[in-house]
Number of protein chains: 2
Amino acid sequence: MPLSKTHSKNGRTNKGRESRIQREKRELILGAALEVFAAHGFRGSTIDQIADAAGMSKPNLLYYFARKEDIHQSLIERLMDTWLDPLKAIDANGDPMAEICAYIKRKLEISRDFPKESRLFANEILQGAPRIISMIEGELKTLVDEKANVIQGWMDAGKLNPCDPHHLLFSIWATTQHYADFDVQVRAVLARDAQGDTHFEGAATFLENLFCKGLAPRN
Amino acid sequence: MPLSKTHSKNGRTNKGRESRIQREKRELILGAALEVFAAHGFRGSTIDQIADAAGMSKPNLLYYFARKEDIHQSLIERLMDTWLDPLKAIDANGDPMAEICAYIKRKLEISRDFPKESRLFANEILQGAPRIISMIEGELKTLVDEKANVIQGWMDAGKLNPCDPHHLLFSIWATTQHYADFDVQVRAVLARDAQGDTHFEGAATFLENLFCKGLAPRN
DNA sequence: ATAATATTTTATCAATTGGTCAAATTTTTG
DNA sequence: CAAAAATTTGACCAATTGATAAAATATTAT
C-alpha cells in the first residue's frame with residue numbers, strides 16, 4: 001500500500017516515527033539539494049537534477065518530499081540556526097574588541113566550512129528572499145537590533161570607535177560571506193599554485209587587522 | 001522576407017547598419033532582461049518573462065536576440081566596463097589614502113545606481129561564473145594584480161598600514177556590493193520609516209571611517 | 001505608388017518540468 | 001514464514017520552455 005499521501009502530508013510514518021531508511025534518504029536528498037540549489041537558485045534547479053545528484057529516481061525522491069518547495073524549505077530551516085548562532089553568541093559582558101574579533105572569526109569559519117549553505121542563503125536573498133522574508137523581518141531583525149544595542153553600549157562607554165553598529169554588522173557579514181559566495185572569483189584572482197583553503201588564513205589575518213584598527217577607540 | 005537568420009547571426013541588417021527600431025527594441029529588451037536575470041539568475045529566467053517585461057511577444061523578442069544566451073551575453077559584456085572602470089581609475093600617482101577612499105565611494109555609488117547590474121553579476125558568480133570565468137581569470141585578474149602592486153608599493157613606502165592588497169580589494173568589493181546584492185536584507189534590518197536610499201549615506205560614512213582607520217599607517 | 005525590406009504575429013514543435021498513479025519490490029512485524 | 005507496511009519503479013500527464021516557420025503587417029527606399 002502506497003503511503004506517500006499519509007507520509008508526505010505530515011512527514012511521519014503510520015506509527016508516528018521516522019524509519020532509519022527515511023532518516024537516511026531524507027538526509028541524502030537534502031545534501032544533494034543543497035548542492036543543486038546553492039549552484040542554481042530555487043527556480044534554476046530541477047527535481048531531476050536533485051534526484052540525479054542523490055542517486056535516486058524522481059518519483060522516489062518525491063516520496064520523501066512531496067514538492068520541490070518542501071525540500072528548499074527544509075534546507076532553509078536547518079540553515080537558520082547555523083546562520084544566527086554566531087551572532088547570538090556575542091556576549092554583552094565580554095571584552096568588546098575580543099567579542100567582535102571572535103564573531104568575525106566564527107563567521108569566516110562558517111564560510112569555509114559551509115560554503116554551500118552560504119550560497120543557498122545568498123541566492124535566496126538575491127532573488128528577493130521570497131521564502132524567508134518573514135524570518136528576516138522578524139527573528140533576524142530582532143536579534144540584530146538587540147546586538148546593535150550591545151555594540152552601541154560599548155561605543156558609548158568609549159570601548160569602541162563610535163560608528164553605526166548596523167553597518168558594522170553588514171560589513172562583517174559582507175566581508176566574511178564573500179569568501180563563500182564569490183569563491184570562484186576569489187580563487188581565480190588569487191590563483192596561486194597550491195590553493196586548498198589557504199586563502200582563508202590570509203583573509204582571517206587581513207580582517208582581524210582591518211577591524212581591530214578600524215574599531216580601536218581613539219585615545 | 002524574414003531576415004531573422006541574416007540578422008540574428010551577425011547582428012546586422014543587410015546594409016550593415018542597425019535601424020532605429022532595432023536600436024530601440026534591443027535596448028528595451030536588454031532593460032527588461034536585466035531586471036529578470038538579476039532577480040532569478042540565468043537558468044531561473046524565462047524568455048516569456050523577459051518578453052512580458054519588455055511588452056512584446058516571445059517570437060518578436062527572438063527576432064532581435066536569436067537565443068536566450070545571447071541576451072545574457074550582451075548584458076554581461078556591457079556590464080564589464082561599469083565593473084572594471086572604478087578599479088582602473090585608481091591612480092598610482094595619487095595620494096594613497098585618497099585614492100582608496102575615492103574607490104570605495106565610486107563602488108558604493110555603483111551599488112546605489114546600478115543595483116540590478118550588481119545582482120546580475122552576483123548571480124553569475126554565485127552560479128560558478130560559467131559564462132564569464134575567462135574574463136575573470138584574464139582581464140580582471142590582470143587588472144587586480146596590477147592594482148595590487150600599486151597598493152603594495154604604497155605600503156612599502158609606509159603610506160598605508162601593510163596588509164594583503166588582494167584581501168583589501170575583496171573587502172571593498174564585498175562591503176560595497178553588499179548594499180546592492182543583499183538590498184532586501186539591508187532594508188528589512190534597517191526598516192526605518194522613510195527609507196529611500198538613505199542608508200547609502202550611512203554606509204558611506206561607516207565605510208570611510210572603517211577603511212581610513214584600518215589603513216592609516218602607524219606612526 | 002510600389003517594390004523591397006524589415007518587423008510582428010500566429011501557430012506550432014520537441015524537450016523539459018513538476019508532479020501523479022498504480023503496480024512491483026523490499027523491508028518490517030507478528 | 002506470512003502478512004502488513006514501507007519503499008521503489010516505470011509509465012504517464014499537463015504545463016512550461018526555448019525555439020522555428022510562415023504568413024501578415026508595417027516601414028523604407030526608389
Side-chain angles (χ1 to χ4, degrees), chain A residues 1-29 32-33 36-37 39-74 131, chain B residues 1-29 32-33 36-37 39-74 131:
Chain A
M1 188 208 288
L3 295 185
S4 59
K5 271 175 195 166
T6 316
H7 168 66
S8 302
K9 289 218 170 134
N10 58 19
R12 280 186 229 143
T13 71
N14 287 343
K15 302 214 172 150
R17 271 227 219 125
E18 219 180 26
S19 74
R20 177 185 52 89
I21 291 183
Q22 270 181 41
R23 234 180 305 119
E24 287 175 4
K25 294 274 159 131
R26 278 172 180 271
E27 209 51 46
L28 184 69
I29 292 167
V36 176
F37 281 136
H40 302 112
F42 182 75
R43 297 202 38 186
S45 303
T46 72
I47 300 181
D48 290 275
Q49 280 179 297
I50 299 170
D52 273 359
M56 64 174 69
S57 69
K58 181 164 59 171
N60 195 10
L61 181 150
L62 286 165
Y63 172 73
Y64 292 101
F65 292 90
R67 298 178 314 158
K68 182 183 169 184
E69 178 96 29
D70 295 344
I71 311 175
H72 195 264
Q73 187 65 31
S74 275
R131 284 163 287 270
Chain B
M1 186 208 288
L3 296 184
S4 59
K5 272 177 195 166
T6 314
H7 169 66
S8 304
K9 288 219 171 133
N10 58 20
R12 281 185 229 142
T13 72
N14 286 344
K15 304 213 171 156
R17 272 224 219 126
E18 220 180 25
S19 75
R20 178 187 50 88
I21 291 183
Q22 270 180 42
R23 234 180 306 118
E24 287 174 4
K25 294 272 161 133
R26 277 170 181 273
E27 210 51 48
L28 184 69
I29 291 167
V36 176
F37 282 135
H40 303 291
F42 182 76
R43 297 205 38 188
S45 303
T46 73
I47 301 182
D48 290 274
Q49 279 180 295
I50 299 170
D52 273 359
M56 64 176 67
S57 69
K58 180 163 59 171
N60 195 9
L61 181 149
L62 286 166
Y63 173 74
Y64 293 101
F65 292 90
R67 298 178 312 158
K68 181 184 169 184
E69 177 95 29
D70 295 345
I71 311 174
H72 195 264
Q73 187 64 32
S74 276
R131 284 163 288 269

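Labels below follow one simple rule: chain letters A, B, ... track the order of the sequence lines, proteins then strands, and each chain is numbered from 1. Computed over heavy atoms, backbone and side chain alike; hydrogens, waters and symmetry mates excluded.
- Atom pair B:Glu24:CD and C:dT7:P shows a separation of 11 Å (rounding to whole Å applied).
- One finds no side-chain N or O of B:Asn60 lying less than 4.0 angstrom from the OP1 or OP2 phosphate oxygen of C:dT7.
- Interatomic distance, CZ of A:Arg26 versus CG of A:Leu61, reported as 10.5 Å (0.5 Å rounding).
- Looking only at side-chain heavy atoms (C-beta outward), B:Lys25 and B:Tyr63 stay at 4.5 Å or farther from each other.
- If you take CD of B:Gln22 and C1' of D:dA26, they are 14 Å apart, rounded to a whole angstrom.
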Using distance only, find each side-chain donor-acceptor pair of residues 45-52 of chain A under 3.5 Å and give its atom names and separation, not counting sequence neighbours.
unit_1: A:Ser45; atom_1: OG; unit_2: A:Val36; atom_2: O; d: 3.3
unit_1: A:Ser45; atom_1: OG; unit_2: A:Gly41; atom_2: O; d: 2.6
unit_1: A:Thr46; atom_1: OG1; unit_2: A:Gln49; atom_2: N; d: 3.0
unit_1: A:Asp48; atom_1: OD2; unit_2: A:Lys58; atom_2: NZ; d: 3.4
unit_1: A:Gln49; atom_1: OE1; unit_2: A:Thr46; atom_2: N; d: 3.0

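- Residues satisfying the side-chain hydrogen bond (donor to acceptor under 3.5 Å, both in side chains) criterion with A:Gln73, sequence neighbours excluded, are A:Glu77.
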Take nucleotides 14-20 of chain C nucleotide by nucleotide from the 5' end and write B, S or -, depending on whether a protein heavy atom sits under 4.0 Å from the base, only from the sugar-phosphate, or from neither. ---SBBB

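- Within the 4.5 Å cutoff, the side chain of A:Tyr64 has no heavy atoms near those of the A:Leu28 side chain.
- Protein atom CG of A:Leu61 is 14 Å distant from nucleotide atom P of D:dT7, rounded to whole Å.
- Taking 4.0 angstrom as the limit, B:Ser57 places a side-chain polar atom (N or O) nearer than this to OP1 or OP2 of C:dT9.
- Listed nucleotides C:dT7, C:dT9, D:dT8 differ in distance to B:Tyr64; the shortest reach to its side chain belongs to C:dT7.
- The line from CZ of A:Arg43 to NE2 of B:His40 is 5.0 Å long, rounded to the nearest 0.5 Å.
- Residue B:Tyr63 places no side-chain N or O under 4.0 Å from the OP1 or OP2 atom of C:dT8.
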